[in-house]
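Heads up: the structure comes next, in structure tokens.
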Amino acid sequence: MNATVLGIESSCDDTAAAVLRGRCILSNVVSSQTNLHAAFGGVVPELAARAHVERLDLCVEEALRRARLTLMEIDAIAVTAGPGLIGGVMAGVMCAKGLAAATGLPLIGVNHLAGHALTPRLTDDVPYPYLMLLVSGGHCQFLRVDGPNGFARLGGTIDDAPGEAFDKVARLLGLDQPGGPAVERTARDGDAGAFAFPRPLLDRAGCDLSFSGLKTAVLRARDLSLVDGALPRSARADICAAFQEAVAATLAEKSRRALALCPEATAFAVAGGVAANAAIRTALEAVGPVPFLAPPLALCTDNGAMIAWAGSELLAMGQRDGMDLAPRPRWPLDPDAAPMLGSGRKGAKA
Amino acid sequence: MTTTVLAFDCSAAHCAAALLSGHRIVGARAETMARGQAERLMPMLAEVLEDAGVGYRDLSAIGVGIGPGNFTGLRIAVAAARGLSLGLGVPAVGITRFEAIHAACSPDPFATQIVSVAAPRDHVYLQRFAGGLPVGAPDHGAPGDCAAALADVALVLGHRAAGLGQGRIQAYPLEEDGPPTGILVAAIARLASRRLADGAPPRPAPLYVRAADAAPARPVPPVR
């Protein structure tokens, strides 16, 4: 797997492109849309799509420039083809198709979640199978990773993703978006013991998770803490600390259970934006007994390098996609697992 | 050397492409489709090129319809155009639907006129032309609210034109999904080819006219 691969990612609010040669990251460009969505308290899909379409080619150019390569020196183009916000996914797929048609290079559609899930192979060459906890703003699931196309879902959230809960809590408490870093910062001055937030689904066997009740508990705690209609700064810090502690403890306990379901795992790895939270990382580190891996922050959040890596693993397996490659808003990694989210008319989300 | 332009458009319920070589359209395809343009566009482009015996490497430029129209369709076409442009090292030229309709259908191109394009909820997008060129920024609204924009024009051309003209202004109405997409995309190719003479064009971007629907976050209690 020494191919030189361009990876393109645009499934949420980061426009990203990267060039990889083998495991060597030659460039990793991310154009964040955080400022664009800040006023709306969350990612606005239409705004995201509008930004992606005008930034993708610029990111690709910049990634090539930083890698000191031309398209002629690339072996394949990998692109996130789902799941995600469809406007952004479409823009990425169409940009990649344009590049592939123009150059004659192979096109490889990559599942965004596979990109995250295979990152420990890029950073640490972890052998299959391993246990993966994917925690981000849109996703939360435990996967046994058996190969570039082999994923078994052991459990996951039955409602919201933890990243979404962090964003919501930040919103409820008047903190900036994205909520993860803001809540973590505020929690440093707080007392996690000041509020007893629920540890959702710990009373239930298995490793499914739930975060919607926790959000409601935070809302109730906020309203009970108001003094003359205002939230005291100290109470806000306490709520953040207690909320973060509840998420960390729940994820750690469920990780223990997931590892028990997967004794053959060579390692326990975490990826996704929520893995950037230090308190959560610390809690997960203690899970054991297999080695714990958390890729560096820049490779935990959305990026093009993970897509390029997944693309290069798929390329080695012989995958090539046609010019009719379809962008998919929903694309579960484990097609055999029963749908947990969005299991309506349009099928499972992830 | 002959200028060869590959143009395409997905601004409404269609996917269309045309290949211009010099002054001649040497290949074209237009298909009606409400969805699936992301899957169909690139194979269609390959078919148009193959039928004409032209390769991607023979192209001098890409022409792309930037709307206004269906937001998703605009992005599909513009993203592909920018990818092709970067991959081939040739310019991509964005042409508005107003310009294409004006070029293909105006009975009096140099008259001061309004070109209208159907918008959702029975609204229209409007663009003023004078001396054969677009003037000012495009607008949108309900046909009944467009009197000011129409005050001094000689004619109104396009979708819902009869309603806009209200019998006072000479109207050249087009069917809502007209003109035929083949004519429209050929006009995009010709306009793009002509625009190349003006030097390097800016990268194409969708012309949305309407702002994105996005509500600001709900207020939260103050923190003291």
Side-chain angles (χ1 to χ4, degrees), chain A residues 8 10 37-42 44-50 52-54 56-58 60-61 64 71 77 86-105 171-175 177 222-223 226-233 235-236 322-327, chain B residues 6 8 10 35-47 49 55-57 59 62 64 66-67 70-90 92 94 202-208 210-224:
Chain A
I8 298 173
S10 55
H37 302 286
F40 303 99
V44 181
E46 175 63 20
L47 288 179
R50 288 184 177 200
H52 284 305
V53 77
E54 294 183 41
L56 275 155
D57 55 341
L58 304 177
V60 170
E61 272 182 327
L64 289 168
L71 278 170
I77 297 170
I86 190 62
V89 174
M90 263 190 194
V93 166
M94 294 315 293
C95 179
K97 284 185 186 178
L99 289 166
T103 54
L105 290 172
R171 243 182 344 263
L172 292 173
L173 302 178
L175 295 167
Q177 295 292 317
R222 179 199 75 180
D223 289 346
L226 296 181
V227 178
D228 299 333
L231 181 64
R233 211 164 274 280
R236 180 164 77 169
M323 281 293 150
D324 57 351
L325 171 67
Chain B
L6 177 64
F8 45 90
C10 306
R35 49 179 58 224
Q37 288 99 330
E39 291 88 328
R40 183 67 187 114
L41 177 63
M42 300 307 291
M44 176 183 279
L45 298 184
E47 290 162 21
L49 290 171
Y56 273 111
R57 291 270 145 209
L59 298 177
I62 303 294
V64 61
I66 58 169
N70 178 277
F71 291 173
T72 299
L74 302 183
R75 284 193 281 266
I76 288 170
V78 168
R82 291 174 70 138
L84 281 168
S85 167
L86 177 58
L88 294 170
V90 303
R203 290 180 204 243
L207 178 65
Y208 298 106
R210 282 185 299 136
D213 282 331
R218 252 179 282 162
V220 295
V223 174
R224 275 176 209 146

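So you know, we letter chains A, B, ... as the sequences are listed, proteins then strands, and number each from 1. What you see is a predicted model; the values in this text were computed from it and never measured.
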> With only heavy atoms counted, which part of B/Ala77 is less than 4.5 Å from chain A, the side chain, the backbone, both or neither?
Replying inline: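 Looking at B/Ala77, nothing touches chain A.
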
> Considering only heavy atoms, which portion of B/Arg75 lies under 4.5 Å from any heavy atom of chain A: side chain, backbone, both, or neither?
Replying inline: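 Its backbone and side chain both get close to chain A.
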
Could you look at [X] and say if it's the side chain, the backbone, both or neither that has a heavy atom under 4.5 Å from chain B?
X: A/Leu173; result: backbone
X: A/Leu99; result: both
X: A/Asp223; result: neither
X: A/Val93; result: neither
X: A/Arg50; result: both

Check for a donor-acceptor pair, side chain of [X] on one end and backbone N or O of [Y] on the other, with a separation under 3.5 Å.
X: B/Arg57; Y: A/Ala102; answer: yes
X: B/Arg82; Y: A/Glu54; answer: yes
X: A/Lys97; Y: B/Gly83; answer: no

>> For A/Leu71 versus B/Gly87, what's the shortest heavy-atom pair and its separation?
In response: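 So the minimum-distance heavy-atom pair works out to CD1-CA, 3.7 Å.
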
> Which atom pair, heavy atoms only, marks the closest approach of B/Ala38 to A/Met94?
Replying inline: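 So the two residues come closest at O-SD, 3.5 Å.
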
Of the listed residues ([options]), which shares the most heavy-atom pairs with chain B below a 4.5 Å separation?
options: A/His52, A/Gln177, A/Arg222, A/Met90; value: A/Arg222
options: A/Gly87, A/Pro232, A/Gly98, A/Ala91; value: A/Gly98
options: A/Gly322, A/Ala49, A/Pro45; value: A/Ala49

> If we only count heavy atoms from C-beta on, is the A/Leu58 to B/Arg203 side-chain gap below 4.5 Å?
Replying inline: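 Answer yes - side chains close enough.
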
> Looking at side-chain heavy atoms only, is the closest gap between A/Asp57 and B/Ser85 below 4.5 Å?
Replying inline: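 A/Asp57 does not reach B/Ser85 side chain to side chain.
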
> Who passes side chain to side chain donor-acceptor pair (under 3.5 Å) against B/Arg210, sequence neighbours left out?
Replying inline: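 If we apply the side chain to side chain donor-acceptor pair (under 3.5 Å) test to B/Arg210, skipping adjacent residues, the hits are B/Tyr125.
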
> Of the listed residues (B/Leu59, B/Leu84, B/Leu88, B/Thr72), which shares the most heavy-atom pairs with chain A below a 4.5 Å separation?
Replying inline: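 The residue among B/Leu59, B/Leu84, B/Leu88, B/Thr72 with the greatest pair count is B/Leu84.
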
>> If you count heavy-atom pairs within less than 4.5 Å of chain A, which of B/Leu86, B/Val90, B/Asp213 leads?
In response: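 Of the candidates given, the most pairs with chain A belong to B/Leu86.
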
> Between SG of A/Cys95 and CD1 of B/Ile76, what distance do you get to the nearest 0.5 Å?
Replying inline: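 Those atoms lie 13.5 Å apart.
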
> With a 4.0 Å cut-off, would you call A/Asp324 and B/Arg40 a salt bridge?
Replying inline: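 Looking at B/Arg40 together with A/Asp324, the answer is no, because their closest N to O distance does not fall below 4.0 Å.
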
